[in-house]
Amino acid sequence: MSALAATARARRLAGVAAVLRAPRLVVPRIVLGLLAVAVVSYHLRSTALHARYWIDEGLSIGISSHGLLDIPGILRQDGSPPVYYLLLAVWTSLFGDGEARTHMLSLIFALLTIPAGFFVARTIFDERSGWFVAVLCAVNPFLNYYAQETRMYSLVVLLSMLAAGTFALAYVQGRRRWLGPFVACGTLLIYTHNWGLFTMAGTVVALVPLLWRRRVPWRDVLIGYGAIAVLYLPWVPTLLFQAAHTAAPWSGVPKIQHLPGDLASLAGGAGPGVAILLAGGAGLAAYLARREPGSGERTPQTRAATSIAIVIVAAIVLAFVSSQISPSWTTRYFAAIIGPLALFVGAVLARAGNLGLATLAVLAGLWLHPPTAAVNGKSDAHRVANVVAPLLHPGDLVVSTHPEQLTLLHFYFPPGLRWANGMGFVETTDWMDWRDALDRYKAARPTATARKLIATLRPGQQLVLVQPIIATASWGAPWTSLVRRRARQWERALGRDPRLVREEALPKLRPRRLPRGVRVVLYMRR
């Protein structure tokens, strides 16, 4: 063999060796980096794992306490899709239903957004974008808060990110092997929260310019969205029933002037929101300026960023318009938009160069504060239950003028009690029957309902009236306004009934330091 041939052979062998060695170097670097980011995120999201439940968490526990086959039927009365409750039912059957145990499930979903965001962004854009998205997911204040709540919102963020990411891969960048993951993620999203429908509708809006330019084959559109439609079809009758009879009477109609504030709250306030806007604008401009060499067409990464932006804007607009017709607007529902928003913001900040890096550092600094106090302060129902429990006996009657509180109260109060709300005795405390609830509560007159309940008490038995602490909450929606009126009317009605003696009101409230939650007034039957 000549010297020249030997040298060429040696170079080829060296190249093969380098290729074989590369994964061993790159994979550990990525894994170690993601683990480091996840450790920081875990610290932010685990300081209030033992926080006591509030109303909605009590409903989660009550619904998930039933069999897997029963949960979809129960949710017909509640107004939610079933995936989270089914997962929670499996989780509690394995690990129990204590606060830290069920919060851990939400924490896992929140932590999974870190590697998911990294790999999706790296696949769509580049590795730098992947790291930006991973860091944003690790310190995002929305996820920090809801990672410690027994609700579906951290799962919704994860699924909305995967649905938007696989949409960009399958349709915007034309990688057909991602059609299956898109179908799976999109279907799970709309089976987890109804606002997922707005996100998926946003992907349809983003498809329009792609179809107009014939960048997407109609065959792939029919396959992907047709499969999602077929998989979602069994739930459609329940969705229509919920829309007609449950809705969200506790939510108000959003106003356009409040929209900037609602969006800024997702970033942890106006300051982080402005930082994202400025640096994101620079990054977006850099993306839009990118063109393929020779053809002058926009790059696949630019098209993906643009399409994800369309998904976000369209989802917000659709949610806003829908809430003008049937109010269902609250910032926690933005979980269905935060996923694609993290992908988009991470990608444009990565493209903004040093400005983007500085913005990411500023955001991380502003968000590196565990939301311990906020999570712990959601409700005082557990503390009130502990105070009242020694005074109660089996057969005593608990009446909540805030009907959806009953499930939470039942979880914390001692066993053997009887239960009613402002509409009368309840058949089950495991969930709230939202079917035409506003009309039913309006029709239930406090004095007449109270007389019927008091008639079931024997002399010496107690009636425990549970009232919301109104001064610490916003009570302007149709449902909450009615609850506020009923709370006063019930206390007046019971105070005037000659069959009752008022014994105590707990806890003792200090006007300057009102807790968020409930207070109880104890009455005894003469």
Side-chain angles (χ1 to χ4, degrees), residues 68-69 71-72 75 80-91 105-106 108-125 130 133-134 137 143 152-207 210 216-236 238-239 304 307-308 310-312 314-315 335-344:
L68 297 180
L69 297 179
I71 288 175
L75 291 173
S80 299
V83 162
Y84 172 75
Y85 298 98
L86 296 173
L87 292 174
L88 183 60
V90 174
W91 182 268
L105 179 61
S106 298
I108 290 172
F109 292 139
L111 293 177
L112 284 175
T113 61
I114 299 168
F118 173 83
F119 287 109
V120 169
R122 187 179 73 159
T123 306
I124 298 173
F125 304 107
V133 173
C137 290
L143 280 171
M152 70 288 293
Y153 304 113
S154 60
L155 174 60
V156 174
V157 173
L158 174 64
L159 291 174
S160 65
M161 176 188 296
L162 293 174
T166 52
F167 164 77
L169 288 165
Y171 290 105
V172 183
Q173 296 186 348
R175 307 190 204 184
R176 297 192 72 238
R177 64 181 179 276
W178 290 96
L179 273 177
F182 169 70
V183 169
C185 295
T187 303
L188 287 172
L189 176 61
I190 58 180
Y191 265 110
T192 302
H193 198 279
N194 287 331
W195 265 41
L197 292 167
F198 298 131
T199 304
M200 295 305 294
T203 66
V204 175
V205 174
L207 269 178
L210 300 174
V216 178
W218 274 102
R219 177 190 59 185
D220 290 354
V221 175
L222 294 175
I223 290 173
Y225 287 88
I228 293 173
V230 169
L231 291 171
Y232 192 63
L233 189 60
W235 188 252
V236 170
T238 299
L239 176 69
S307 293
I308 293 174
I310 293 173
V311 171
I312 296 165
I337 297 164
I338 286 178
L341 191 61
L343 280 178
F344 176 75

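Side-chain atoms are counted along with the backbone in the values below, which use heavy atoms only and exclude waters and symmetry mates.
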For Tyr171 and Phe182, take the angle between the two ring planes, folded into 0 to 90°, and tell me which bin it lands in: parallel under 30, tilted 30 to 60, perpendicular over 60. perpendicular
For Ala227 against Val183, the heavy-atom pair lying closest together: CB-CG1, 3.8 Å
So, for Ile114 and Ala134, which heavy atoms are closest and what is the spacing to 0.1 Å? O-CB, 3.8 Å
For residues Phe125 and Val133, determine if any side-chain heavy atom of one lies less than 4.5 Å from a side-chain heavy atom of the other. no
Reported CG-to-OH distance for the pair Leu197 and Tyr232, which is rounded to 0.5 angstrom: 4.5 Å
Within a strict 4.5 Å, meaning less than it, do heavy atoms of the Ile124 and Leu169 side chains meet? yes
Got a second to check how far Ser160's OG is from Ile190's CD1, nearest 0.5 Å? 13.0 Å
Suppose we screen for ring-ring contact (aromatic ring centres under 6.0 Å, His included). Which residues come up paired with Trp91, at least two apart in sequence or across chains? Phe95
Min side-chain heavy-atom separation Trp235-Pro72 under 4.5 Å: yes
Give the intermediate values and the outcome of side chain to side chain contact (heavy atoms under 4.5 Å, CB included) for residues Trp195 and Ile337. CA-CA 9 Å; Trp195 265 41; Ile337 297 164; 4.2 Å; yes
Val311 vs Val205, side chain to side chain contact (heavy atoms under 4.5 Å, CB included): CA-CA, chis, key distance, verdict: CA-CA 7 Å; Val311 171; Val205 174; over 6 Å; no
Which residues pass the side-chain contact (heavy atoms from CB on, under 4.5 Å) test with Val156, not counting sequence neighbours? Met152, Leu189, Thr192, His193, Ala335, Ala336
Minimum heavy-atom separation for Asn194 and Pro81, please, with both atom names. OD1-CG, 3.4 Å
Please check if the side chain of Thr187 supplies one atom and the backbone of Ala184 the other of a donor-acceptor pair under 3.5 Å. no
Looking at CG of Leu188 and CG of Leu155, how far apart are the two atoms once the value is rounded to the nearest 0.5 Å? 8.0 Å
Residue pairs passing the side-chain hydrogen bond (donor to acceptor under 3.5 Å, both in side chains) test with at least one member in residues 218-227, sequence neighbours excluded, are Arg176-Asp220, Thr203-Tyr225
Begin from the C-alpha positions of Cys137 and Phe118 and carry the test side chain to side chain contact (heavy atoms under 4.5 Å, CB included) through to its verdict. CA-CA 9 Å; Cys137 290; Phe118 173 83; over 6 Å; no
Taking all heavy atoms of Leu162 and all of Cys185, pick out the closest pair and write down the distance. CB-SG, 3.6 Å
Measure across Ile310 and Ala206 and return the closest heavy-atom pair with its distance rounded to 0.1 Å. CG2-CA, 3.7 Å
Looking only at heavy atoms, which two atoms of Ser80 and Leu75 are closest? And how far apart? O-CB, 3.4 Å
Is the backbone N or O of Ser106 less than 3.5 Å from a side-chain atom of Ser154, with the two atoms forming a donor-acceptor pair by type? yes
Gln173 side chain vs Ala304 backbone, donor-acceptor pair below 3.5 Å: no
First locate atom CG of Leu159, then atom OG1 of Thr113, and finally report the distance between them rounded to the nearest 0.5 Å. 11.5 Å
Side chains of Leu207 and Leu210, heavy atoms from C-beta outward: is any pair under 4.5 Å? yes
